[in-house]
There are 2 protein chains.
Amino acid sequence: MAETPDRRTVILDKAAGLFASKGIAATTVREIAEAVGILSGSLYHHFTSKDDMVDAIVRTYLDDLVSVYTEIVAQESDPRKQLTALVHGSLSVIEAHPHATEIYQNSGNYLSSLVGYEHIKINAAKVQKTWLDVIGNGVVTGVFRDDIPPRVLYRLIRDALWLSVRWFKPTHQYSMKKFADDLVSTFLDGIVPR
Amino acid sequence: MAETPDRRTVILDKAAGLFASKGIAATTVREIAEAVGILSGSLYHHFTSKDDMVDAIVRTYLDDLVSVYTEIVAQESDPRKQLTALVHGSLSVIEAHPHATEIYQNSGNYLSSLVGYEHIKINAAKVQKTWLDVIGNGVVTGVFRDDIPPRVLYRLIRDALWLSVRWFKPTHQYSMKKFADDLVSTFLDGIVPR
DNA sequence: TGTTACCGAACAAGCGCTTGCTACATCGAG
DNA sequence: CTCGATGTAGCAAGCGCTTGTTCGGTAACA
């Protein structure tokens, strides 16, 4: 166990918080340094550039997400249960990396200009494929409706799910798990009472 | 009919396109000027600042949105039909102001630092209240389920609806109207066949 | 002759990043 | 145990560049 958390980790934490709340371009390296308690030049002992920090944040986040998704599709085969697990799994990743999630959802156009963008694109494609496979499988087996294109269903769920990081904060009365159940139920059963 | 479209309008159009695709902070006034075919300094004959352009773009957009919503709730009383009309109305506003929509959805943290932010906040509150009233009314009258908080339902629909500006482009086979119907149907009836 | 639209050139501020240097901890050789 | 060598972390200063913005001049037009 590290008694003192790694300096590099602290910097990434502070940077992620700033990137998430102000945007990447609007956050200066001087602000990041001040949040950590050092001067801006000293940041470059730990990272080669500002974009290097961004890359490290997003990379960790996406790797975690992909590994969670991989395990879900390996352990479950029923599309309905898979979809439920994907929602719960995604929200647990949001809880683990709230700042990174927000950065990834908000700053897509900045990320696409990064040097390490290939790695991001590959993982993003994996994530999308997972959802499309699960939904497509559900349509084929008849547990999901077939009159709406799977890619449309995916996008609706995807956006509603991931943008919750912008507004949803769990409370005693309304936990993250309850929210996940409600989200799943809304999409599976609809708003109109059955 | 204006034979030559207003210079100011042309500038706002080009600026909105750049803001939407690259982000506001990442777009320079020199880029905007070059897109119009003038020098950066000449922009300041038409606008007092870069933020002034942003404000004009978002202001027009939100005013249009609020007026569309106002007419909908005035002409329709059934919550289910109101919700359907809100979705269709929103998507027509997206078609009319695609760039402004994207700016508003993506650059919230930049907008919140604007001087004219009060006007934005007021209209944003009006929009939210419209949705919450419609959903809340549906819950009270029993046409919408009551086991999920209305503000959660609102957010799920809102995010799925407005983020479609990022990915949905109507085609011959799949029109905007069809997409609107599918989105309404997904939320009202759910993904599982009834 | 005034007004409108724009040019051309510049300005101050702020940006990411680099550099030369110091203080301190660690550690193997004597 | 001691002591020089080495690596780590940070400071202080500033460089080159880009940014939004300003301003005097000018050409076309009414």
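Below, read A as the first sequence line, B as the second, and so on, with proteins coming before strands; counting in each chain starts at 1.
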message = One pair to check against salt bridge (charged side-chain N to carboxylate O under 4.0 Å, His left out): A:R145 and A:D147. What are the steps and the verdict?
response = CA-CA 6 Å; A:R145 56 194 287 188; A:D147 59 332; 2.8 Å; yes
inquiry  = Run A:F187 and A:T84 through side chain to side chain contact (heavy atoms under 4.5 Å, CB included) and show every step you take.
reply    = CA-CA 10 Å; A:F187 276 102; A:T84 303; over 6 Å; no
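Side-chain N/O atoms of B:Y44 include none lying less than 4.0 angstrom from OP1 or OP2 on D:dT22.
Counting to the nearest Å, the P atom of D:dT22 and the CG atom of B:D52 are 12 Å from each other. As rounded to whole Å, 13 Å separates atom P of C:dG16 from atom CD of A:E34. A:K50 places its NZ atom 14 Å from the P atom of C:dT18, with the value rounded to the nearest Å. Between A:F47 atom CZ and C:dT18 atom P there is a gap of 15 Å when expressed in whole angstrom units.
Scanning both residues, B:A124 and B:Y104, for their nearest heavy atoms gives CB-OH, 3.3 Å. Heavy-atom minimum distance, A:I57 versus A:I103: CG2-CD1, 4.1 Å.
Between the side chain of A:R30 and the base of C:dG14 there is no donor-acceptor pair of N/O atoms closer than 3.5 Å.
If you check the side chains of B:D51 and B:Y110, you find a donor sitting under 3.5 Å from an acceptor.
Side-chain N or O atoms of B:S185 include none that pairs as donor or acceptor with a backbone N or O of B:D181 at under 3.5 Å. A donor-acceptor distance shorter than 3.5 angstrom exists from the side chain of B:K50 to the backbone of B:T27, with no hydrogens or angles considered.
In terms of position along DNA chain C, the nucleotide closest to A:E31 lies nearer the 5' end than the nucleotide closest to the other residue of the pair A:T48 and A:E31.
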inquiry  = Strictly under 4.0 angstrom, non-hydrogen atoms only: write out the protein contact profile of nucleotides 2-9 of chain C, one letter per nucleotide from the 5' end, B, S or -.
reply    = --SBSBB-
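Heavy-atom contacts from other residues, nucleotides or ligands closer than 6.0 Å to NZ of A:K14 number 12 or fewer.
Near-neighbour residues of DNA chain D inside residues 18-28 of chain B, defined by a heavy atom below 4.0 Å, number-ordered: B:T27, B:T28.
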